Amino acid sequence: MHVIALVKHVPDIQSARSFTASGLLARGGPDDTLNELDEDCLEAALRIVEAVPSTVADEDDDGSRADPGAAHPVGHRVDHRVTALTVGPPAAVGALRRALAMGATSAVHVCDEAIAGSDAIATARVIAAAVEHLHAEHPVDVVIAGMAALDGLTSLVPSAVSALLDWPQLTLADRVSVTSQAGRTTVRARRVTAHHVEELQAPAPVVVSVTDATFRPRSPDMRGLLAARRKPVTVLDLAALGLEPASVGRAGSATRVLEATPRPERSDAVRLTGGPGLAPELAAELAGHLAQRGFC
Amino acid sequence: MAAAPAVVVLIDHRDPRWLRSASALLAAAHRLARDHGWDVHTAWVGHDHGHGHDHGPGGELGAAVQHVVDVEGADPHLASTVSAALEAVVAALDATGPARLVLLPSTFEGREVAARLAAATGAGVVVGASSVTVEEDDDGGSGHVVAQKSVLAGSWHTRCAVTSELAIVALDTGAAGSADGASLPQDTPSAAVAPVVHHHRAPRPAGAAVEVLSRSPRPAGDRPALAEADVVVVGGRGTGGDFSGVEDLADALGGAVGATRVATDEGWAPRALQVGQTGVTISPRLYVGAGVSGAVHHRGGMAASGTVVAINTDPDAPIFEHADIAVVADATTLLPALAEEVRARRSRETG
Ligand SMILES: Cc1cc2nc3c(=O)[nH]c(=O)nc-3n(C[C@H](O)[C@H](O)[C@H](O)COP(=O)(O)OP(=O)(O)OC[C@H]3O[C@@H](n4cnc5c(N)ncnc54)[C@H](O)[C@@H]3O)c2cc1C
């Protein structure tokens with residue numbers, strides 16, 4: 001079982017976030033962190049791998065591969081792994097370290113100067129190429145992502161990756177299960193949309209995204225944090241993925257931010273204060289303000 | 001078929017109340033038609049109900065042409081199906097129009113379709129847009145689509161240009177965004193003259209591989225749909241778990257009920273009512289937050305609202321920094337009193 005978890009390093013949403021003069025989100029601050037919703041993604045990925053029955057992972061805690069032939073007879077070797085994958089500048093390795101501490105087996109960092117300024121679709125192009133690269137090395141069953149990255153908040157990447165790979169998408173899932181029978185792996189998901197709840201199923205490999213409603217991500221413990229330092233992080237550039245620089249970055253993006261401006265402070269705010277037992281008076285005053293604005 | 005550039009509006013049939021979100025999209029499309037001479041087309045995923053042609057949503061939408069696409073054998077709710085349908089319409093229009101813009105609702109489901117369509121066509125895509133315009137090129141070209149949006153939990157505004165010939169824009173369909181008189185034009189072609197064009201398309205293999213084991217509707221209730229409501233009253237932890245005051249005020253104002261993540265986690269309100277970055281994005285003309293602190297995760301889903309009223313006992317609550325009317329008070333007593341007052345005013349007006 002091979003699950004690739006897509007993770008992103010983003011500015012801390014509690015920090016003062018801003019745009020650069022060239023219309024890109026300012027990144028690389030000391031508060032940048034793993035996108036919170038990717039913790040749900042990692043939790044779901046780890047649970048998929050942990051739920052695979054009657055097998056023994058052939059890794060030690062530190063992720064080094066044991067001799068596959070030693071513990072299991074040939075043909076029974078099982079290698080369950082979660083690969084954390086990110087696309088981003090050098091500092092984005094922070095997101096991978098966090099993913100490794102949570103329990104990912106290994107990590108892949110696609111890093112290339114030409115990628116800077118990629119929009120969501122160009123980023124998806126890099127991710128899809130990286131998944132194909134990893135799939136060739138070690139067949140992938142599930143690519144899993146969070147429901148959004150809290151910086152751009154587009155939620156475009158999972159579906160775009162699915163379309164680019166032409167792998168089925170099972171997105172906005174709050175439950176995921178994987179079964180293997182007679183060499184065929186099937187992924188099942190409960191998808192919750194605004195208006196429907198759906199049970200969907202598709203043959204692996206698939207692209208999944210998970211909501212933040214049910215997975216309750218684990219926190220890394222001290223052992224995990226220590227082990228993360230010793231787990232491998234592979235760095236790949238565009239050439240390794242066979243991508244042209246012009247297909248990514250600003251050149252490969254069909255959108256461009258023309259202008260980014262901070263929202264002006266609200267200056268004319270009204271403040272009303274009531275006290276105990278003053279609800280009717282306050283309500284009348286507030287209703288007056290609503291009426292002035294045409295709401296009642 | 002006219003050869004004017006086309007704006008294609010997805011009528012998302014997966015929303016049981018699709019007419020509400022369609023209205024906001026069509027209003028934006030008709031503005032482009034008025035200002036730039038583009039033609040408005042609608043796209044509808046046809047279901048094969050086994051009793052003849054699906055004629056789509058009907059002519060009241062004021063489109064020049066209605067496209068009804070049957071993605072053969074595919075489940076009509078899957079993003080891959082809806083995207084395949086739009087691909088068929090775009091491809092057909094490119095022979096005549098061409099298609100310059102696809103508009104769809106910026107729901108999570110709409111964004112999935114936008115992403116797939118962008119990947120399939122190479123078009124640039126902007127989601128979460130509050131409005132869309134066409135800006136002329138300096139060199140006298142055919143102009144490019146520019147979308148406005150509020151980002152970083154409402155703390156910044158951006159203008160985002162699409163540089164490809166075809167643009168995909170997912171619009172927030174909230175009432176605040178359509179404040180500039182956006183209703184359907186009365187003088188556009190009616191049902192009788194808007195031709196219906198049927199298309200057939202084979203699904204992509206990956207779409208066909210998805211098996212739908214079950215699908216059930218989530219109860220919607222009889223209040224207005226959250227995403228398009230004029231007024232939304234949101235209850236947070238400060239309600240102490242009693243949503244009756246929130247519901248009462250929402251009903252008095254003819255609005256929808258929303259909830260914070262805390263309130264849905266506690267089970268005080270269904271999860272479908274969660275407003276915020278991981279819930280529903282709203283932009284009503286009036287937002288009332290009762291017992292809501294204004295966490296950045298919540299603000300990300302309501303920052304584009306019109307008038308923001310916050311009711312909170314804590315004079316330093318963060319939400320007050322984003323409120324037009326800040327009310328330092330106990331929501332549990334103020335809400336029923338306010339609902340009563342609103343009803344009294346309304347009956348005075350009508351009586
Ligand atoms: C990844 C992630 C995603 C999230 N997504 C969302 C999301 O989509 N939507 C969302 O809402 N949250 C989301 N959250 C949670 C968010 O961070 C906040 O925890 C949540 O919004 C707080 O809800 P609240 O305002 O109801 O509660 P609190 O923050 O606890 O605030 C309660 C407020 O009520 C006030 N109060 C108390 N008693 C009264 C009274 N009697 N009358 C009036 N006021 C009173 C208090 O002063 C306080 O300001 C997310 C969190 C994470 C980590």
Side-chain angles (χ1 to χ4, degrees), chain A residues 13-14 17 19 37 121 124 147-148 150 153-156 159-160 162-164 166-172 193-203 211-213 254-263 266 269-274 279-280 282-284 286-287 289-291 293 295-296, chain B residues 14-16 79 107-109 111-112 114-116 118-120 123-128 152 154-164 204-206 209-218 253 271-272 277-278 286 296 300 307 323-329 333-334 337-338 341-342 345-346:
Chain A
I13 72 164
Q14 308 290 354
R17 297 178 291 171
F19 281 82
L37 295 169
I121 301 298
M147 71 191 293
L150 293 176
L153 272 183
T154 71
S155 294
L156 289 170
S159 293
S162 154
L164 290 166
D166 206 16
W167 291 2
Q169 78 169 56
L170 305 175
T171 43
L172 298 175
T193 71
H195 307 292
H196 297 94
V197 179
E198 303 170 335
E199 286 283 344
L200 304 176
Q201 172 173 298
T211 74
D212 64 341
T255 59
R256 191 160 36 92
V257 176
L258 299 176
E259 197 183 1
T261 44
R263 180 182 175 136
R266 291 184 196 249
V270 177
R271 198 171 181 99
L272 309 177
T273 308
L282 193 57
L286 179 50
H289 284 284
L290 294 180
R293 290 168 165 81
F295 293 116
C296 63
Chain B
R14 298 173 296 175
D15 177 351
T107 52
F108 279 105
E109 301 86 319
R111 290 165 188 231
E112 294 183 343
R116 299 192 71 89
V125 54
V126 181
V127 304
L152 303 183
S155 59
W156 286 69
H157 280 291
T158 57
R159 290 198 314 125
C160 198
V162 178
T163 54
S164 50
R204 286 176 185 274
V210 176
E211 198 181 332
V212 180
L213 304 174
S214 71
R215 172 175 299 120
S216 45
R218 291 174 88 182
L253 291 164
R271 199 167 280 287
Q277 288 183 336
T278 58
L286 172 64
V296 62
T307 300
D324 300 288
I325 305 180
V327 189
V328 185
T333 52
L334 182 58
L338 183 58
E341 189 68 35
V342 168
R345 277 179 180 268
R346 291 205 160 177

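Just so we're clear, the structure is a prediction, and the values are computed from it rather than from any experiment. Quick note on labels: first sequence line is chain A, next is B, and so on, each numbered from 1. Any value given below was found using the heavy atoms of this structure, including those in side chains, with hydrogens, waters and symmetry copies removed.
- Heavy atoms closer than 4.5 Å to chain A are found nowhere in B/Ala120, neither backbone nor side chain.
- Shown here is A/Arg256, whose CZ atom has no more than 12 heavy atoms of other residues, nucleotides or ligands within 6.0 Å.
- Looking only at heavy-atom pairs under 4.5 Å with chain B, the residue among A/Leu170, A/Asp212, A/Leu282 that has the most is A/Asp212.
- At a cut-off of 3.5 Å, with distance as the only test, no side-chain donor of B/Asp324 or B/Thr307 sits close to an acceptor on the other residue.
- The part of B/Val127 that comes within reach of chain A is its side chain, from C-beta onward, which places non-hydrogen atoms under 4.5 angstrom from that chain.
- Within 6.0 Å of CZ on B/Arg204 lie no more than 12 heavy atoms contributed by other residues, nucleotides or ligands.
- There is no side-chain donor-acceptor pair under 3.5 Å between A/Glu198 and B/Ser214.
- In this structure, the portion of A/Ile121 lying under 4.5 Å from any heavy atom of chain B is its side chain and not its backbone.
- Looking at heavy atoms from C-beta onward, B/Cys160 lies out of side-chain contact with A/Leu258 at the 4.5 angstrom threshold.
- Chosen from B/Ala337, B/Ala326, B/Ala119, the residue pairing most often with chain A at heavy-atom distances under 4.5 Å is B/Ala326.
- At a 4.5 Å heavy-atom cutoff, the contact between B/Arg116 and chain A is made by backbone and side-chain atoms alike.
- Considering only heavy-atom pairs separated by less than 4.5 Å from chain A, the leading option among B/Ala206, B/Gly124, B/Ala329 is B/Ala206.
- The shortest non-hydrogen separation linking B/Arg218 to A/Thr193 is NH1-O, 2.7 Å.
- Separation of atoms NE2 (B/His157) and CD (A/Glu259) is listed at 11.0 Å; rounding is to 0.5 Å.
- The greatest number of non-hydrogen atom pairs below 4.5 Å with chain B, out of A/Gly274, A/Ser155, A/Ala194, is found for A/Ala194.
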Note to self: Assess the residue pair B/Val296 and A/Arg17 against the criterion (side chain to side chain contact (heavy atoms under 4.5 Å, CB included)); give the C-alpha distance rounded to whole Å, side-chain angles, the decisive distance to 0.1 Å, and a yes or no.
What the structure shows: CA-CA 12 Å; B/Val296 62; A/Arg17 297 178 291 171; 4.2 Å; yes

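- Between A/Thr171 and B/Glu112, the shortest heavy-atom distance links the atoms OG1-OE2, 2.7 Å.
- By number of non-hydrogen pairs under 4.5 angstrom with chain B, the leading residue of A/Pro280, A/Ala160, A/Ala291 is A/Ala160.
- Counting heavy atoms from C-beta on, the side chains of A/Leu150 and B/Gln277 come closer than 4.5 Å.
- Ranking B/Gly300, B/Ala123, B/Gly154, B/Ala114 against chain A, the residue ahead of the rest is B/Gly154, based on heavy-atom pairs under 4.5 Å.
- Contact annotation for B/Leu152: both backbone and side-chain heavy atoms come within less than 4.5 Å of a heavy atom of chain A.
- Between chain A and the residues B/Val125, B/Thr333, B/Leu253, the largest count of heavy-atom pairs under 4.5 Å involves B/Val125.
- Minimum heavy-atom separation, A/Ala287 to B/Leu338: N-CD1, 3.9 Å.
- Heavy atoms of B/Arg345 lying under 4.5 Å from chain A belong exclusively to its side chain.
- Listed options B/Leu334, B/Val342, B/Leu213, B/Thr158 were ranked by heavy-atom pairs under 4.5 angstrom with chain A; first place goes to B/Leu213.
- Highest contact tally toward chain A, considering only B/Pro16, B/Ala79, B/Ala272, is held by B/Pro16 [criterion: heavy-atom pairs under 4.5 Å].
- Contact of B/Thr107 with chain A is not made at all, since no heavy-atom distance falls under 4.5 Å.
- In terms of non-hydrogen atom pairs under 4.5 Å with chain B, the most contact-rich of A/Arg263, A/Gln14, A/His195 is A/His195.
- Most heavy-atom pairs under 4.5 Å with chain B: of the set A/Ser162, A/Ala124, A/Ala148, this distinction falls to A/Ser162.
- Counting heavy-atom pairs closer than 4.5 Å to chain B, the top-ranked of the candidates A/Thr211, A/Leu290, A/Leu37, A/Leu286 is A/Leu286.
- Between B/Ile325 and A/His289 the shortest heavy-atom distance is CD1-CB, 3.7 Å.
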